[in-house]
Amino acid sequence: MLKRSLLAALITAACWNPAQAEVEINGFASIKAGMTLGSDESLYGYDDTLDFKNESLAALQIKSDLGDKLSVTAQLLGRGTEDWDVGFEWAFLSYDLTDELRVNAGRLRTPFYKYSDFRDVGYAYDWSRVPQSVYGLGFDTIEGASLYHNTTLGIFDSNLQLIMGSYDGEAQITSEVANAKIDNIAGLAWDLGYDGYNLRAAYLVGKTTFSQADFDSFMAQLTGFGLGALAAQLDVQDESSSFTGVSFSVDKNNIVFVTEITKAQVDNSFISDQESWYASLGYRFESFTPYISYENEDNNAKREIYAALPVASPVYAPVAGLVESLELDRTTINLGIRYDFHPSAALKVQYSDADNKTLDRDDRALVLGVDLVF
């Protein structure tokens with residue numbers, strides 16, 4: 001009901017006065033089929049059964065210029081994994097303060113990564129998907145406001161974004177989906193470009209709270225056993241958190257190179273420090289772009305939390321198990337090719353091989369799909 005009400009309100013606002021409001025409707029879609037190459041393998045939501053829904057999606061973006069420097073934008077998206085239920089990814093108002101300054105307010109995409117604003121628009125990049133080792137923080141949007149400043153600094157095109165807001169929704173930190181609340185989010189993202197070269201940096205902070213029934217019950221048990229100090233080291237209650245990301249890319253003379261490095265931390269909690277990076281290299285041969293990329297994901301478990309616990313303690317095993325569950329050392333190699341067979345559509349094939357050193361397993365997936373814009 002809420003989604004329908006929001007959609008109705010948006011359409012009403014966009015079409016209330018056609019003489020004053022110009023409405024633009026654009027869209028994108030990805031239709032993909034994939035599977036793993038082994039019966040006991042699992043990667044990116046695929047298993048050894050051919051799946052057409054896992055990474056398929058479709059979206060519409062509606063923008064209405066209301067005049068006097070005010071506009072409204074919304075993006076409606078449905079995913080195959082969610083039975084194509086449509087929800088709002090974005091919904092915000094924009095106001096141009098000057099030719100160089102713009103403020104947005106509403107539901108916004110959080111500017112963590114280079115491809116944050118169009119990570120779902122597969123046509124915008126060569127891969128079958130954005131590198132999951134980096135693009136896996138668990139949430140993509142916030143409710144808040146941002147200020148954009150676009151200008152030139154000497155020979156560089158500069159785009160600076162300041163953002164603040166909050167997030168209250170689901171996130172998968174452990175193997176179970178939990179409720180996550182991040183308050184007082186504030187940060188910036190600065191993008192500099194020149195002649196096919198691009199450098200970007202982002203830094204955001206916030207206060208993170210994590211709630212999940214089994215986890216909350218375990219924290220209560222530790223406190224009941226007189227281990228309140230240990231519970232305080234594990235729980236996630238209004239803890240300081242931060243995200244840092246840096247990217248560099250080159251798109252020049254048919255060479256396409258991009259790399260990103262990120263680090264995410266939640267202080268005074270069981271959540272591991274997450275350090276990730278990838279590097280990707282491709283070359284355009286007219287309509288074909290073969291590429292190779294390498295990803296590295298290194299989540300370091302906070303073993304110091306249980307280091308002083310006696311092994312014979314009845315809480316040693318569950319505490320160590322909780323902390324160690326977030327340890328991850330995984331590298332992934334991707335080989336693929338993009339074929340632009342139409343001005344608005346690209347056919348892609350990608351093979352991914354993920355070596356999980358923590359679990360001593362290797363998972364491989366092959367995906368074929370079409371990304372398009374309209």
Side-chain angles (χ1 to χ4, degrees), residues 73 75 88-98 100-120 130-151 153 156-173 179-193 198-210 236-249 258-269 271-278 297-299:
T73 303
Q75 182 173 293
F88 278 90
E89 288 289 300
W90 304 348
F92 58 86
L93 294 173
S94 298
Y95 185 76
D96 294 326
L97 299 172
T98 69
E100 296 181 342
L101 281 174
R102 183 177 79 253
V103 62
N104 292 349
R107 172 172 288 183
L108 309 170
R109 181 59 58 90
T110 316
F112 291 123
Y113 315 107
K114 176 178 176 61
Y115 296 100
S116 283
D117 283 348
F118 40 90
R119 63 175 296 169
D120 293 318
V130 291
Q132 297 299 288
S133 295
V134 169
Y135 287 68
L137 196 56
F139 73 101
D140 297 318
T141 60
I142 68 169
E143 314 294 334
S146 65
L147 179 69
Y148 289 87
H149 182 250
N150 296 295
T151 189
L153 298 175
F156 296 99
D157 294 322
S158 171
N159 184 339
L160 177 66
Q161 180 182 3
L162 306 178
I163 193 165
M164 60 184 301
S166 62
Y167 174 81
D168 190 355
E170 293 184 344
Q172 189 156 358
I173 300 174
N179 295 318
K181 186 176 181 181
I182 308 175
D183 294 320
N184 303 326
I185 296 174
L188 60 84
W190 192 14
D191 193 288
L192 291 172
N198 181 269
L199 179 64
R200 183 182 187 275
Y203 181 71
L204 295 94
V205 297
K207 292 288 188 176
T208 300
T209 297
F210 168 91
V236 190
Q237 296 294 321
D238 200 32
E239 306 294 356
S240 296
S241 52
S242 64
F243 174 90
T244 306
V246 178
S247 73
F248 173 71
S249 63
V258 59
T259 184
E260 282 190 81
I261 303 171
T262 62
K263 183 173 183 177
Q265 295 177 290
V266 180
D267 296 338
N268 302 315
S269 74
I271 298 176
S272 62
D273 294 337
Q274 303 173 32
E275 299 178 1
S276 305
W277 65 273
Y278 73 86
E297 192 171 5
D298 191 6
N299 296 349

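- In this structure, CG in D140 is found 7.0 Å from OG1 in T110, a value given to the nearest 0.5 Å.
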Exercise. What's the verdict on side-chain contact (heavy atoms from CB on, under 4.5 Å) for R102 and N150, showing C-alpha distance, side-chain angles and the deciding distance?
Worked result: CA-CA 9 Å; R102 183 177 79 253; N150 296 295; 4.2 Å; yes
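- When atom types are taken as modelled, the side chain of T262 and the backbone of G245 share no donor-acceptor pair closer than 3.5 angstrom.
- The two residues Y115 and E260 come nearest to each other via the heavy atoms CD1-OE2, 4.1 Å.
- Closest non-hydrogen pair, R107 versus E143, comes out as NE-OE2, 2.9 Å.
- Going from atom CD1 of I142 over to atom CG of D168 covers 13.0 Å, rounded to the nearest 0.5 Å.
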For this session: Evaluate the criterion side chain to side chain donor-acceptor pair (under 3.5 Å) for residue pair T209 and D238; output intermediate values, then yes/no.
Result: CA-CA 5 Å; T209 297; D238 200 32; 4.9 Å; no
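- Inter-residue side-chain proximity for F139 and I182 is flagged as met; some heavy-atom pair is nearer than 4.5 Å.
- Every residue two or more places apart in sequence or in another chain was checked for a side-chain hydrogen bond (donor to acceptor under 3.5 Å, both in side chains) with D273, and none qualifies.
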For this session: Take F112 and L137, measure what side-chain contact (heavy atoms from CB on, under 4.5 Å) needs, and give me the verdict at the end.
Result: CA-CA 9 Å; F112 291 123; L137 196 56; 3.5 Å; yes
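- N198 approaches G193 most closely through the heavy-atom pair ND2-CA, 4.1 Å.
- Atom CG of N268 and atom CD of E239 lie 5.0 Å apart (nearest 0.5 Å).
- For K207 and S240, the side-chain atoms include at least one donor-acceptor pair closer than 3.5 Å.
- Remark: the backbone N or O of V134 is paired with a side-chain donor or acceptor of Y113 at under 3.5 angstrom.
- Qualifying side-chain contact (heavy atoms from CB on, under 4.5 Å) partners for T244, counting only residues two or more places apart in sequence or in other chains: Y203.
- Between W190 and S158, the side chains place a donor N or O and an acceptor N or O closer than 3.5 Å (distance only, hydrogens not considered).
- Counting heavy atoms from C-beta outward, F156 and L199 have side chains that stay 4.5 Å or more apart.
- Note that CG of N179 is 6.5 Å distant from CD of E170, once rounded to the nearest 0.5 Å.
- In this structure, Q161 and L108 have side chains that are not in contact, with every pair of non-hydrogen atoms separated by 4.5 Å or more.
- Side chain of R119 to backbone of V130: no donor-acceptor contact under 3.5 angstrom is found.
- For the atom pair L97 CG and H149 NE2, the distance stands at 10.5 Å (nearest 0.5 Å).
- Contact record, R109 with S116: NH1-O, 2.7 Å, taken as the closest heavy-atom pair.
- In this structure a side-chain-to-backbone donor-acceptor pair under 3.5 Å is present from S276 to S133.
- Residues passing the ring-ring contact (aromatic ring centres under 6.0 Å, His included) test with Y278 are W127, sequence neighbours excluded.
- Between D298 atom CG and W277 atom CH2 the span is 11.5 Å, to the nearest 0.5 Å.
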